[in-house]
Protein chains: 2
Amino acid sequence: MSKSRSAAQTRILAAALDLFAAHGVSGTSLQMIADAVGVTKAAVYRQFKTKDEIVIAVTEMQLARLEDALEAAEAEPNRTRARELLLNRVVDMAVEQRRMVSVLQFDPVIIQFLAGHKTFQRFIDRLLRAFFGDNTGTDSLVQTAMLSGAISGAVIHPLVANLDDETLRSHLLLVIRRLINLPD
Amino acid sequence: MSKSRSAAQTRILAAALDLFAAHGVSGTSLQMIADAVGVTKAAVYRQFKTKDEIVIAVTEMQLARLEDALEAAEAEPNRTRARELLLNRVVDMAVEQRRMVSVLQFDPVIIQFLAGHKTFQRFIDRLLRAFFGDNTGTDSLVQTAMLSGAISGAVIHPLVANLDDETLRSHLLLVIRRLINLPD
DNA sequence: GTCTATAGAATGATAGAC
DNA sequence: GTCTATCATTCTATAGAC
């Protein structure tokens with residue numbers, strides 16, 4: 001999943017993620033990205049052939065941050081421990097990157113890429129399987145959807161915008177444990 | 001909040017909401033809306049002077065669907081009953097309109113309008129107050145954010161895309177009651 | 001890697017006829 | 001209410017010089 005990027009590419013992707021978070025993917029033009037980096041559009045096009053390539057690279061970059069936690073969870077024979085591990089990483093990431101979460105989970109353009117690229121599909125599949133095993137009953141489905149949605153939805157919500165990361169994280173984890181019956 | 005609209009306006013708003021849900025607000029052009037309705041751009045501009053007016057009207061239209069439930073909740077002296085009332089309506093709406101939820105809650109353009117227009121702010125304030133009273137402790141904040149996020153996030157999630165409305169609603173309500181300690 | 005300059009299409013919006 | 005025609009602007013993307 002993770003790819004090595006040049007410094008120029010990394011700067012572009014960072015600026016793009018930031019702008020995507022503020023204006024959505026469709027609401028962000030290459031001109032805006034170029035301005036944010038401090039170069040011209042042509043310089044951006046030198047690094048990425050199309051806007052779509054930037055969107056895909058940004059998505060890859062963010063998913064890759066879950067990779068090591070996912071591998072650790074897959075290697076962990078104790079399912080409860082594996083869930084614990086993944087959950088903590090996901091919550092950490094969601095809290096740290098609050099402003100970015102809504103783009104990655106809910107932007108229509110990103111959603112289409114996630115649904116359309118096999119690489120992304122397989123990664124998400126691994127994530128869900130590591131968390132829930134092969135239990136695909138309706139209860140598990142709804143619970144997973146709620147858990148995933150609750151984390152994303154909660155960190156985005158304006159009501160918690162003023163809470164510091166540590167407060168938000170600890171409260172989140174408490175409520176989540178209640179939700180999925182993990183031991184406190 | 002609710003406004004009376006001509007038939008032509010109603011058709012435009014319905015088409016716009018549908019397209020917004022699929023492509024986001026920024027990803028939807030007036031040409032696309034006009035094509036969906038089956039008229040030209042000029043005909044659309046006759047009903048709404050700007051694209052922004054359409055976005056605001058769509059948002060109003062959807063918020064207005066909560067209005068009677070909100071009034072009923074405000075009139076209810078028993079707080080638990082009031083919460084019950086609102087919760088049921090919100091969940092019903094979220095499940096019925098799954099495809100639209102993400103736009104209304106997470107689209108950057110809509111969010112900016114919600115934050116910038118006093119009419120919207122007051123309405124949302126009333127909603128929160130009817131549900132949580134004047135309790136503004138951190139616990140309540142996070143709980144409300146999670147509840148709101150969990151409902152929106154859950155109904156949007158691809159994992160539950162194949163569940164019928166009734167199944168999704170009943171499961172959702174069960175988990176939510178556990179989350180907020182309402183009696184079953 | 002970065003620039004200037006530009007092509008070609010799409011965007012939001014308007015004028016004026018029917 | 002709807003149309004055709006058009007305007008100014010912005011969009012993605014490319015060519016070619018430094």
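Every value quoted in this text rests on a predicted model; they were computed, and no experiment measured them. First the proteins, then the strands, lettered A, B, ... as listed; each starts at 1.
Using a 4.0 Å heavy-atom distance criterion, Ser29(A) is classed as a sugar-phosphate-only contact. Residue contacts shown for Ala8(B) are limited to sugar-phosphate atoms, with no base heavy atom under 4.0 Å away.
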Practice task
I would like to know whether Ser148(A) and His157(B) meet side chain to side chain donor-acceptor pair (under 3.5 Å); could you show each step before the answer?
Solution key: CA-CA 8 Å; Ser148(A) 162; His157(B) 208 289; 3.3 Å; yes

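The interatomic distance linking Ile54(A) (CD1) with dC11(D) (P) rounds to 14 Å, in whole Å. Following rounding to the nearest Å, Leu30(B) (CG) and dC7(D) (P) show an atom-to-atom distance of 20 Å. The nearest whole Å value for the distance from the CG atom in Asp35(A) to the P atom in dT10(D) is 12 Å.
Taking 4.5 Å as the limit, every side-chain heavy atom of Gln9(A) sits out of range of all side-chain heavy atoms of Arg46(A). When side chains are defined from C-beta on, Ser152(B) counts as touching Phe106(B), because their heavy atoms get closer than 4.5 Å.
Where Arg11(B) and Lys49(A) meet DNA chain D, the nucleotide closest to each residue was compared, and Arg11(B) sits on the side nearer the 5' end. Nearer the 5' end of DNA chain D, as judged by each residue's closest nucleotide, is the contact made by Ser6(B), out of Lys41(B) and Ser6(B).
Nucleotides of DNA chain C lying under 4.0 Å from heavy atoms of chain B occupy a range whose first and last members, 5' to 3', are dT11(C) to dA15(C).
At a threshold of 4.0 Å, the pair Asp165(B)-Arg169(B) does not count as salt-bridged, since none of the basic side-chain nitrogens sits closer than that to a carboxylate oxygen. Ion pairing between a basic and an acidic side chain is recognised when a charged N comes within 4.0 Å of a carboxylate O; Arg79(A) and Glu84(A) show no such pairing.
In terms of heavy-atom proximity, Phe132(A) sits nearest to Ser140(A) at CD2-OG, 3.9 Å.
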